[in-house]
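Written below as structure tokens is the structure these notes are about.
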Number of protein chains: 2
Amino acid sequence: MVGLPNRDRRSERREATRQEILAAAWEVARVNGIAGLTLREVAVRVGMQPPSLYSHFDSKHAIYDAMFAQAWRNLADAITAAEKGAPRSPRRRLEYFTRVFVDFALEEPSRNQLMNVRVIPDFTPSPESYAAAVDAFELMRAKLREIGVTRDRDMDLLTALIAGLIAQQEANDPGGDRWRRLIPEALTMYANAVGIAGSTQGRKR
Amino acid sequence: MVGLPNRDRRSERREATRQEILAAAWEVARVNGIAGLTLREVAVRVGMQPPSLYSHFDSKHAIYDAMFAQAWRNLADAITAAEKGAPRSPRRRLEYFTRVFVDFALEEPSRNQLMNVRVIPDFTPSPESYAAAVDAFELMRAKLREIGVTRDRDMDLLTALIAGLIAQQEANDPGGDRWRRLIPEALTMYANAVGIAGSTQGRKR
DNA sequence: GTCTATACTGTGATAGAC
DNA sequence: GTCTATCACAGTATAGAC
């Protein structure tokens with residue numbers, strides 16, 4: 001541990017370039033879909049020749065891997081940021097954070113596909129990137145625990161319910177709210193079954 | 001209406017070849033994933049040169065389109081075939097047909113992705129193929145109506161719940177049953193909320 | 001260390017001979 | 001209807017200029 005702190009301008013610049021490439025990759029994915037990502041288009045947007053990308057990423061899969069990790073870190077950040085402004089009643093907290101999650105997923109369909117669907121033929125996230133996913137997942141788990149969802153089965157049931165609303169919304173009414181607007185109804189059903197404090201027992205018909 | 005009935009041997013042979021190609025495409029998709037389908041591998045399995053496929057399908061997307069229609073027709077057939085052996089009580093019918101649907105989806109992940117997730121960059125099913133999806137959907141709708149699910153919102157909620165179980169099962173526990181085994185619990189929750197005849201009101205904890 | 005130039009492989013697609 | 005030849009363009013890899 002001798003010498004100045006590692007404050008290389010070089011490595012800072014290098015990291016900035018990596019981020020620039022990732023930002024361009026997200027743009028392309030937004031337009032072409034996550035499977036339609038091409039290094040060519042990414043390079044054009046960054047103002048490089050396609051092979052130059054290999055100075056910063058080992059392969060196209062390495063770019064997907066970095067995007068995967070970044071997506072889950074962004075979700076964790078969104079959850080943390082949403083804590084201020086969160087209601088206190090368990091039932092209302094449940095709905096509040098569900099909306100945070102659903103809106104995050106619907107905001108960018110290709111990001112959601114990369115995070116939650118195995119859609120790139122040979123891509124499997126690296127252990128480091130998968131750890132980012134686990135971190136975000138544990139964050140949600142902790143929130144659920146506060147709310148009163150403690151059994152693993154109940155958590156799995158909730159993730160399925162939310163994932164289903166997102167999947168149906170994106171597949172059958174993209175850009176609309178046909179399933180998104182069912183959130184209150186879905187959570188009332190869930191809260192009654194699992195027993196969340198502050199949930200209404202009735203149902204308006 | 002003059003002449004013999006249209007019993008061309010030529011067109012029969014032609015249709016048989018198309019089916020052969022589709023069967024080979026399903027095999028490739030099963031191995032490489034639906035997005036990993038290549039005309040080369042399809043051609044090899046059929047014993048053709050890749051360009052020869054264009055005598056039978058206008059493009060790769062046309063193959064996807066035929067696969068899409070076939071998949072939905074197969075689902076409709078599976079639902080129809082399951083009618084014999086179906087229980088009579090609404091609550092048990094609900095669970096029975098849910099299992100038919102979930103098992104069909106889990107049976108071949110790439111088929112499920114083609115049917116329910118927009119995963120091929122520029123592919124949108126043709127009106128004719130989409131009609132096959134609508135037919136199958138209407139079949140399920142009719143079954144649900146018998147069971148007592150009549151409101152559109154209630155149907156949408158159920159499709160979301162089922163799609164969510166499938167999505168989570170495939171994404172986070174492929175080949176296992178971590179979410180699939182939640183079917184009874186999920187449907188009890190749903191049946192209690194929507195009011196299906198013959199549903200238990202309690203919950204074992 | 002970083003980018004350019006170039007080339008190799010594989011893929012979807014088309015044209016034309018048989 | 002099938003094949004051969006060929007094209008355009010993707011991802012990938014290496015060599016070399018600066």
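First the proteins, then the strands, lettered A, B, ... as listed; each starts at 1. Any value given below was found using the heavy atoms of this structure, including those in side chains, with hydrogens, waters and symmetry copies removed.
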Exercise. State which residues pass side-chain hydrogen bond (donor to acceptor under 3.5 Å, both in side chains) with S126(B); sequence neighbours excluded, sorted by chain then number.
Key: D65(B), E128(B), S129(B)
Quiz prompt | Whole-Å gap separating C1' (dA13(C)) and CG (D122(B)) | solution = 15 Å
Exercise. Classify the ring geometry between F123(B) and F68(B) as parallel (under 30°), tilted (30 to 60°) or perpendicular (over 60°).
Key: perpendicular
Self-check item: Electrostatic pair D177(B):R181(B) at N-O distance under 4.0 angstrom
Solution: yes
Practice problem: Taking side-chain hydrogen bond (donor to acceptor under 3.5 Å, both in side chains) as the test, write out the residues that go with R30(A), two or more places apart. | Solution: E108(A)
Quiz item: Quick one: do R88(A) and E146(A) make a salt bridge, cutoff under 4.0 Å?
Solution: no
Quiz prompt | Per-nucleotide protein contact string for nucleotides 2-14 of chain D, where B marks a base within reach and S marks sugar-phosphate only (heavy atoms under 4.0 Å, - for neither) | solution = BBBB----SSBBB
Can you tabulate the close N/O pairs, meaning under 3.5 Å, that link protein atoms to atoms of nucleotides 15-18 of chain D?
none

Quiz item: Quick one: does NZ or CZ of R92(A) land under 6.0 Å from the six-membered ring centre of F97(A), within 45 degrees of the ring axis?
Solution: no
Can you list, pair by pair, the side-chain donor-acceptor contacts under 3.5 Å of residues 161-172 of chain B, counting residues two or more places apart and other chains?
residue, atom, partner, partner atom, Å
Q168(B), NE2, T159(A), OG1, 3.2
Q169(B), OE1, R178(B), N, 3.2
Q169(B), OE1, W179(B), N, 2.7
Q169(B), OE1, R180(B), N, 3.0
Q169(B), NE2, D173(B), O, 2.5
Q169(B), NE2, D173(B), OD2, 3.2
Q169(B), NE2, G176(B), O, 3.1

Let me check something: any side-chain donor-acceptor pairs from residues 43-56 of chain A under 3.5 Å, sequence neighbours excluded? List them with distances.
residue, atom, partner, partner atom, Å
R45(A), NH1, E27(A), OE1, 2.9
S52(A), OG, Q49(A), O, 3.3
S55(A), OG, S52(A), O, 3.3

